[in-house]
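What follows is a set of notes on a single structure, which appears directly below.
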Amino acid sequence: MSVRRVRARAVSHGAFIVLEGLDGAGTTTQAERLARALGDRGHRVRVTRQPSDGPIGTMVRQALTGRLVLPNGAGPLTEDTLALLFAADRLDHLAAVIEPALARGEIVLCDRYVLSSLAYQGSALPPAWVEQINARARRPDLTLFLEVDARTAARRRAVRGHDAELFEADERQRRIARQYRAAIRRRASSERIVRIDGGQPIEAVTAAALAEIERVLGVSR
Ligand code: TMP
C-alpha cells in the first residue's frame with residue numbers, strides 16, 4: 001500500500017458536537033471539561049461558542065449586554081432583529097470556524113447552536129419562522145442538552161454574580177425551558193439530541209457527556 005493511501009486512511013472525520021441548556025445549566029464549564037478529557041484521549045478538539053467571537057457575534061453580545069440599543073432610549077433591539085442576527089452569526093461562524101475545523105478532522109465542541117435560537121427566540125416569536133431562518137445551518141452530529149430546572153439555573157446564575165443579560169429574567173427562563181422541550185420533541189426524529197441530567201455533580205455530567213460523544217465517534221470513524 002502506498003504511503004499516500006496509508007495517510008489518507010489515517011485522516012479522521014471531524015465531529016460536530018453541541019452543548020445546550022438554560023443560562024446556568026453549565027454548558028460553558030462542560031465544554032471546557034470535555035475538551036480537556038477528549039484532548040487527553042488524543043483527539044484534536046476545537047472549543048467554540050455562539051454567539052461567536054466573530055463580527056456578527058460581537059454585535060449580538062453588545063445587544064445582550066445593553067451596549068447596542070435602539071435610539072432615543074427606545075430600549076433593546078427588537079426580538080426579530082436579534083433572531084436574524086443570531087442566525088446570521090451562526091452561518092458566518094460555520095463558514096469561518098466550524099466547517100474548516102471539521103474539514104481538518106477536528107472535533108468541534110460548540111457552546112450553543114440552533115436549539116438555543118429555537119428555545120430563546122422561539123419563546124418570543126413564531127417558532128416556525130425561527131426554524132426557517134436557521135434552515136441552512138448544518139445539523140450537529142450530536143446535541144447534548146444539559147437539563148436543569150429553572151430554579152437551579154437561577155441559583156447558579158445568582159452565584160455567578162454578573163449583571164443579568166437580556167434573557168435572564170426568571171419568567172423568561174421558564175418560557176425558554178418550555179420551548180427547549182418543544183423543539184427537542186420536534187427534532188428528535190431527525191437529529192441526535194441526548195438529554196443529560198445537569199443537576200448531577202459536575203464530574204458525573206462530564207462522564208455522561210463523554211460516553212455519548214465516544215458513542216458518536218465510534219459510529220462516524
Ligand atoms: P452565553 O451566556 O451562553 O454566552 O449565551 C448568551 C445568551 O444568548 C444566552 O442567554 C443565550 C442567548 N442565545 C439566544 O438567545 N439565541 C441563540 O441562538 C444563542 C446562540 C444564544
Side-chain angles (χ1 to χ4, degrees), residues 16-35 47-68 76-94 96-98 108-140 143-148 150 152-180 182-184 186-187 193 198:
F16 181 25
I17 316 284
V18 169
L19 288 142
E20 287 282 358
L22 292 176
D23 293 285
T27 58
T28 307
T29 306
Q30 290 298 332
E32 284 159 10
R33 291 177 58 84
L34 288 166
V47 183
T48 188
R49 63 176 185 168
Q50 291 188 0
S52 77
D53 297 314
I56 307 170
T58 301
M59 197 192 296
V60 173
R61 287 191 185 277
Q62 289 177 350
L64 293 176
T65 52
R67 296 278 308 271
L68 174 64
L77 298 189
T78 64
E79 295 278 358
D80 42 13
T81 302
L82 264 176
L84 289 164
L85 286 175
F86 277 117
D89 174 49
R90 183 156 297 125
L91 295 183
D92 179 60
H93 186 218
L94 276 165
V97 175
I98 297 173
V108 176
L109 285 179
C110 190
D111 185 355
R112 299 191 178 283
Y113 192 59
V114 173
L115 213 56
S116 280
S117 278
L118 298 179
Y120 284 74
Q121 283 58 64
S123 69
L125 295 164
W129 181 70
V130 182
E131 289 270 8
Q132 206 179 346
I133 61 175
N134 283 284
R136 289 179 61 77
R138 71 179 282 158
R139 300 277 172 132
T143 297
L144 298 165
F145 178 63
L146 306 187
E147 199 158 30
V148 291
T152 305
R155 208 174 44 237
R156 290 192 188 161
R157 289 197 302 277
V159 170
R160 210 165 56 189
H162 67 67
D163 290 342
E165 288 186 353
L166 206 54
F167 304 128
E168 292 190 354
D170 290 353
E171 171 49 29
R172 180 78 190 254
Q173 288 285 311
R174 277 191 290 276
R175 270 192 286 146
I176 293 165
R178 280 199 294 278
Q179 288 303 321
Y180 259 128
I184 290 171
R186 282 200 306 278
R187 293 202 152 207
I193 304 175

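First listed ligand is number 1; within each ligand, the first listed atom is number 1.
- The protein heavy atom nearest to atom 8 (O) of ligand 1 is Leu64 CD1, 3.5 Å.
- Aromatic rings of Tyr113 and Phe16 (six-membered ring for Trp) have centroids within the 6.0 Å cut-off, being under it.
- Considering only non-hydrogen protein atoms, atom 17 (C) of ligand 1 sits nearest to Phe86 CD2, 3.3 Å.
- Set against the non-hydrogen atoms of Gln50, the atoms of ligand 1 under 4.0 Å away are 20 (C).
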Pair Arg187, Leu118 - check side-chain contact (heavy atoms from CB on, under 4.5 Å), show working.
CA-CA 11 Å; Arg187 293 202 152 207; Leu118 298 179; 3.5 Å; yes
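- A donor-acceptor contact closer than 3.5 angstrom links the side chains of Arg172 and Ser123.
- Atom 5 (O) of ligand 1 has Arg112 NE, 3.5 Å as its closest protein atom, hydrogens excluded (heavy atom only).
- Here CG of Leu85 is found 11.5 Å from CG of Asp92. Values are rounded to the nearest 0.5 Å.
- Asp89 and Gly57 make their closest contact through OD1-N, 3.1 Å (heavy atoms, listed as atom of the first residue, atom of the second, distance).
- Checking Glu131, Glu20, Arg90 one by one against Val114, the side-chain contact (heavy atoms from CB on, under 4.5 Å) holds for a single residue, Arg90.
- The protein non-hydrogen atom at the shortest distance from atom 18 (O) of ligand 1 is Ser117 OG, 2.6 Å.
- Remark: among candidates Gln121, His93, Arg61, Arg160, the nearest residue to atom 16 (N) of ligand 1 is Gln121, based on non-hydrogen atoms.
- Taking 4.0 Å as the cut-off, Arg90 counts as a neighbour of ligand 1 on heavy-atom distance.
- When the heavy atoms of Leu166, Asp23, Leu85 are ranked by distance to atom 10 (O) of ligand 1, first place goes to Asp23.
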